[in-house]
Amino acid sequence: MSFQPNPGDEVVINDIAYTIGQHPAAPGLAYAQAGRQGIVYQLIPRNGSVHGAKALKVFFPKFRIPAMVYQSEHMESYSELPGLQVCKRDVLTPERNGALIGKHPDLLYAVLMPWVQGQTWFDVISDQRQLTAEESLKLARALAGTGSAMEQRGLAHCDMSAPNVMIPFFSEVENLGKTSAVELVDVEQMYGSKMDRPDALLAGSPGYAAHRTVHSGLWSSYADRFAGAVIIAEMLSWSDPVIVEKAWGESYFDQHEMQTVSERYYAMRESLEKRWGSKLSDLFIRAWESHDLSSCPTFGEWYVALAAVDVDQANAAAAATSEEAATNSSEADVNLKKSSEPVNEPVNTQDGNRPQTPHSPDQEAVVNRLFLQARALEDEDKPAAALEVYRSLYHFIPHNSAMQMEVEAAIKELDAKLNPKEDTDKPVPVPFYRSKKFMISSAVLIVLLAGGVPTVKILADQAEVKQKEQLEATRLADIKAAEEAEAAKAAALKQQEEQEKQKAADAAKLDAEEKKKLAEAKQKAADAKKKEEERKALQAKYDKQAKYEAFLVKQEQQKKEAAKRAQQEKYDKQAKYEAYLVWKKENDAKLAKQEAERKAAAEVKRQQEIAQKAALKKKRAQNVVTLIAHYNKTYNAQKGRKIENAEAYARDFKNLYNTDASYFKGVGKVAARMSAINKFLSNTNYTLPNL
């Protein structure tokens with residue numbers, strides 16, 4: 001039959017009796033966690049406590065491999081390393097556990113190992129649980145230490161991801177042993193020089209697998225470097241609320257943006273540098289931009305860099321970020337108020353001024369990001385790139401704001417650095433249209449054209465009169481010829497034909513002459529029209545030149561007036577900027593004093609809270625042990641038929657349970673014990689169960 005246990009079921013492994021644990025968040029269900037290779041159940045020793053709990057990993061059929069026995073024997077020596085206590089494993093084999101496997105065939109080659117209390121890093125990310133700077137540094141150092149110890153022995157987990165990183169540091173149950181703040185689980189794929197290569201290799205988990213190696217299985221001594229760098233960066237950045245808010249979901253990065261330039265990548269890189277320093281940021285960049293796993297930073301490099309980090313730096317950066325956000329918010333409110341007032345002054349596009357408009361939160365974020373980027377480029381001695389970013393930023397900031405003055409000053413300084421002023425004493429060439437020779441030639445041409453206009457008109461009039469006289473003479477000649485023809489016709493029929501021939505000849509001749517004259521007249525008219533068009537074109541050119549000269553004079557005057565206004569505005573801005581510097585110095589001193597007082601008070605309060613939490617945690621752990629002892633005494637007294645003693649122990653159990661019932665209710669089987677105690681106190685004949 002398949003292995004599907006219920007809470008309280010008994011399992012005997014290697015002559016030790018265990019009971020199946022109950023899930024704290026789901027009463028009535030077995031405490032089990034499913035993974036990619038199998039399901040892990042919590043086993044509690046019948047004669048022990050939750051501190052001695054074991055984990056029974058039941059593999060899916062594909063991963064039930066006989067070589068697991070050999071692999072586990074080699075792993076046991078690594079269980080002494082910090083973060084690898086699950087390497088102390090006992091494999092269920094047919095020779096030693098034949099009866100149990102015969103009853104439950106699913107338990108073939110199942111593994112019994114220590115149960116690790118606490119949450120996984122996957123739970124921390126999914127719940128968007130923000131850490132303190134101290135917690136972030138402690139977890140990152142623990143993971144780097146575990147990875148470094150493994151690398152020194154040629155080991156690699158080969159599936160390092162958020163679900164496989166346990167955080168006993170956040171466990172509610174006090175662990176009596178020396179447990180690392182970080183523990184690795186699911187070590188079946190572990191690489192080692194003495195271990196056999198698994199038949200089915202995993203290619204890494206989404207959000208932690210390098211895209212350049214994700215297509216092939218991971219099984220080498222370098223397999224953990226990229227994923228480990230991402231998890232360490234997540235742990236360090238999880239004290240930054242901006243990073244927590246930007247998380248993709250089950251991991252900070254989406255698998256599709258791994259090793260690509262994205263907004264999340266820039267945000268994490270900036271957070272690491274601002275809070276923890278450039279060394280850790282550079283290590284993350286090296287891993288992100290690596291072309292293969294061997295070129296990623298080693299865990300030893302991470303551990304050395306983390307050992308030199310001071311947590312006060314992260315706290316100071318967090319406080320500075322909060323203060324900057326508050327300052328930007330107040331400036332944005334002031335600028336929004338100013339932008340709602342009417343603007344009566346004209347906008348000078350040459351000077352770069354513009355009317356104010358309200359800025360959205362997204363635009364404010366763009367302004368802050370560009371400003372910080374420009375500052376960073378200045379610090380990296382990249383003036384050209386910084387100048388371009390400042391110029392892009394200038395279009396988004398409010399007019400006459402403190403940031404605008406600062407950006408203008410930065411632009412002028414960088415521009416002067418990149419483009420030093422050249423010698424301006426050289427003579428400037430005069431345009432050809434303003435030269436003396438051109439102006440004299442133009443004047444002569446205009447005079448000649450003006451004198452030639454009447455002459456052209458007179459010639460045209462004479463040609464028209466002459467043409468009219470010729471037409472009139474022709475008309476009279478035709479009438480006379482017609483009269484002579486009539487007389488000749490009447491006189492003699494013989495001469496009529498000759499006259500008609502002569503008349504036709506004369507008409508043809510006259511027609512030819514008329515056509516010739518008309519052609520000459522048209523040619524003269526065309527020539528006259530052409531000359532008139534040329535004259536008009538020359539006149540238009542002259543008018544255009546005159547207008548252009550007037551425009552140049554006007555433009556020169558406008559430039560002088562604009563320069564005068566710009567100079568005046570420069571003086572006004574300088575005065576405002578100097579006043580702003582005085583105010584900023586006084587305000588910074590005041591804020592620094594207030595921040596110092598606040599930090600001192602916060603530190604005192606934090607120390608008190610830590611002491612209270614530690615005391616409460618210790619007391620609760622002791623009370624859990626005491627409750628279990630009271631219940632065992634009650635159970636033993638009832639078995640020995642000492643009912644009065646049993647009732648006294650039961651009342652002690654109930655009184656202690658009621659002091660912190662809300663906490664005890666979620667711890668192990670304490671709630672089940674309380675239910676049994678209540679039934680016993682109400683009816684002494686009730687038989688207490690063996691819990």
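No experiment lies behind these values; they were computed from the predicted model shown. Hydrogens, waters and symmetry mates are skipped; everything else that's a heavy atom, side chains included, is used.
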Open item on the list: Do Gln608 and Gln612 pair up side chain to side chain, a donor and an acceptor below 3.5 Å, judged on atom types alone?
Closed with: no
Task: Stepwise salt bridge (charged side-chain N to carboxylate O under 4.0 Å, His left out) test for Lys57 and Glu188 - done: CA-CA 11 Å; Lys57 187 165 187 176; Glu188 287 75 28; 2.9 Å; yes
TODO: Might you point out which heavy atoms bring Leu688 and Thr634 nearest each other, and give the distance in Å?
DONE: CD1-CG2, 3.4 Å
Open item on the list: As a quick check of understanding, evaluate side chain to side chain contact (heavy atoms under 4.5 Å, CB included) for Trp115 and Gln117, giving each step before the final call.
Closed with: CA-CA 6 Å; Trp115 177 269; Gln117 302 287 350; 3.4 Å; yes
TODO: Apply side-chain hydrogen bond (donor to acceptor under 3.5 Å, both in side chains) to the pair Asn97 and Asn14, showing each step before the final yes or no.
DONE: CA-CA 7 Å; Asn97 312 96; Asn14 298 333; 3.1 Å; yes
Open item on the list: Minimum heavy-atom separation for Tyr208 and Ser161, please, with both atom names.
Closed with: CD1-CB, 3.9 Å
Expected list for residues 121-144: side-chain donor-acceptor pairs under 3.5 angstrom, two or more places apart:
{"residue": "Trp121", "atom": "NE1", "partner": "Glu234", "partner atom": "OE1", "Å": "2.9"}
{"residue": "Asp123", "atom": "OD2", "partner": "Thr120", "partner atom": "N", "Å": "3.1"}
{"residue": "Asp123", "atom": "OD2", "partner": "Thr120", "partner atom": "OG1", "Å": "3.0"}
{"residue": "Ser126", "atom": "OG", "partner": "Phe122", "partner atom": "O", "Å": "2.9"}
{"residue": "Gln128", "atom": "NE2", "partner": "Val244", "partner atom": "O", "Å": "3.3"}
{"residue": "Arg129", "atom": "NH1", "partner": "Gln119", "partner atom": "OE1", "Å": "3.1"}
{"residue": "Gln130", "atom": "NE2", "partner": "Ser239", "partner atom": "O", "Å": "3.2"}
{"residue": "Thr132", "atom": "OG1", "partner": "Glu135", "partner atom": "N", "Å": "3.2"}
{"residue": "Glu134", "atom": "OE2", "partner": "Asn315", "partner atom": "ND2", "Å": "3.4"}
{"residue": "Glu135", "atom": "OE1", "partner": "Thr132", "partner atom": "N", "Å": "3.1"}
{"residue": "Ser136", "atom": "OG", "partner": "Thr132", "partner atom": "O", "Å": "3.3"}
{"residue": "Ser136", "atom": "OG", "partner": "Met235", "partner atom": "O", "Å": "2.9"}
{"residue": "Arg141", "atom": "NE", "partner": "Leu306", "partner atom": "O", "Å": "3.0"}
{"residue": "Arg141", "atom": "NH2", "partner": "Leu306", "partner atom": "O", "Å": "2.9"}
{"residue": "Arg141", "atom": "NH2", "partner": "Val309", "partner atom": "O", "Å": "3.0"}

- [ ] Quick one: closest heavy-atom pair of Ile243 and Ser237, and the distance?
- [x] CB-O, 3.5 Å
TODO: Work out which heavy atom in Thr146 is nearest to a heavy atom in Pro82; give both atom names and the distance.
DONE: OG1-O, 3.0 Å
TODO: Using the ring of Tyr663 (Phe, Tyr or Trp, six-membered ring only), decide whether Arg620 places NZ or CZ under 6.0 Å from its centre and within 45 degrees of its axis.
DONE: yes
Task: Leu112 and Leu43: CA distance, side-chain angles, deciding distance, side chain to side chain contact (heavy atoms under 4.5 Å, CB included) verdict - done: CA-CA 9 Å; Leu112 187 70; Leu43 303 184; 3.7 Å; yes
Task: Minimum heavy-atom distance between Phe284 and Ala229, given as atom pair plus value - done: CD1-O, 4.5 Å
TODO: Write down the atom of Asp196, the atom of Trp219, and the distance for their closest heavy-atom approach.
DONE: O-CZ2, 3.4 Å
Open item on the list: Is the shortest side-chain heavy-atom distance between Tyr649 and Tyr635 below 4.5 Å?
Closed with: no
Open item on the list: Quick one, Asp224 and Met150 - any side-chain contact, counting heavy atoms below 4.5 Å?
Closed with: yes
Task: Ser271 side chain to Ala267 backbone, donor-acceptor under 3.5 Å - done: no
TODO: Determine whether the side chains of Ser148 and Gln152 contain a donor N or O and an acceptor N or O closer than 3.5 Å.
DONE: yes
Open item on the list: Students often mix this up, so state it plainly: with edges at 30° and 60°, are the rings of Tyr31 and His23 parallel, tilted or perpendicular?
Closed with: tilted
Open item on the list: Can a donor-acceptor pair be found, under 3.5 Å and without considering hydrogens, that links the side chain of Arg89 to the backbone of Glu76?
Closed with: no
Task: Atom pair OG (Ser281) and CZ (Arg275), whose distance is rounded to the nearest 0.5 Å - done: 13.5 Å
TODO: Evaluate the criterion side-chain hydrogen bond (donor to acceptor under 3.5 Å, both in side chains) for residue pair Asp159 and Ser205; output intermediate values, then yes/no.
DONE: CA-CA 7 Å; Asp159 190 19; Ser205 299; 3.2 Å; yes
- [ ] State, with a plain yes or no, whether a side-chain heavy atom of Arg46 is found less than 4.5 Å away from one of Asn690.
- [x] yes
Task: Results of salt bridge (charged side-chain N to carboxylate O under 4.0 Å, His left out) for Asp90 - residues two or more places apart only - done: Arg96
Open item on the list: Rounded to the nearest 0.5 Å, what separates atom CG in Leu155 from atom CG in Leu81?
Closed with: 7.0 Å
Open item on the list: Below 30° counts as parallel, above 60° as perpendicular, anything between as tilted: where do the rings of Tyr657 and Phe653 land?
Closed with: parallel
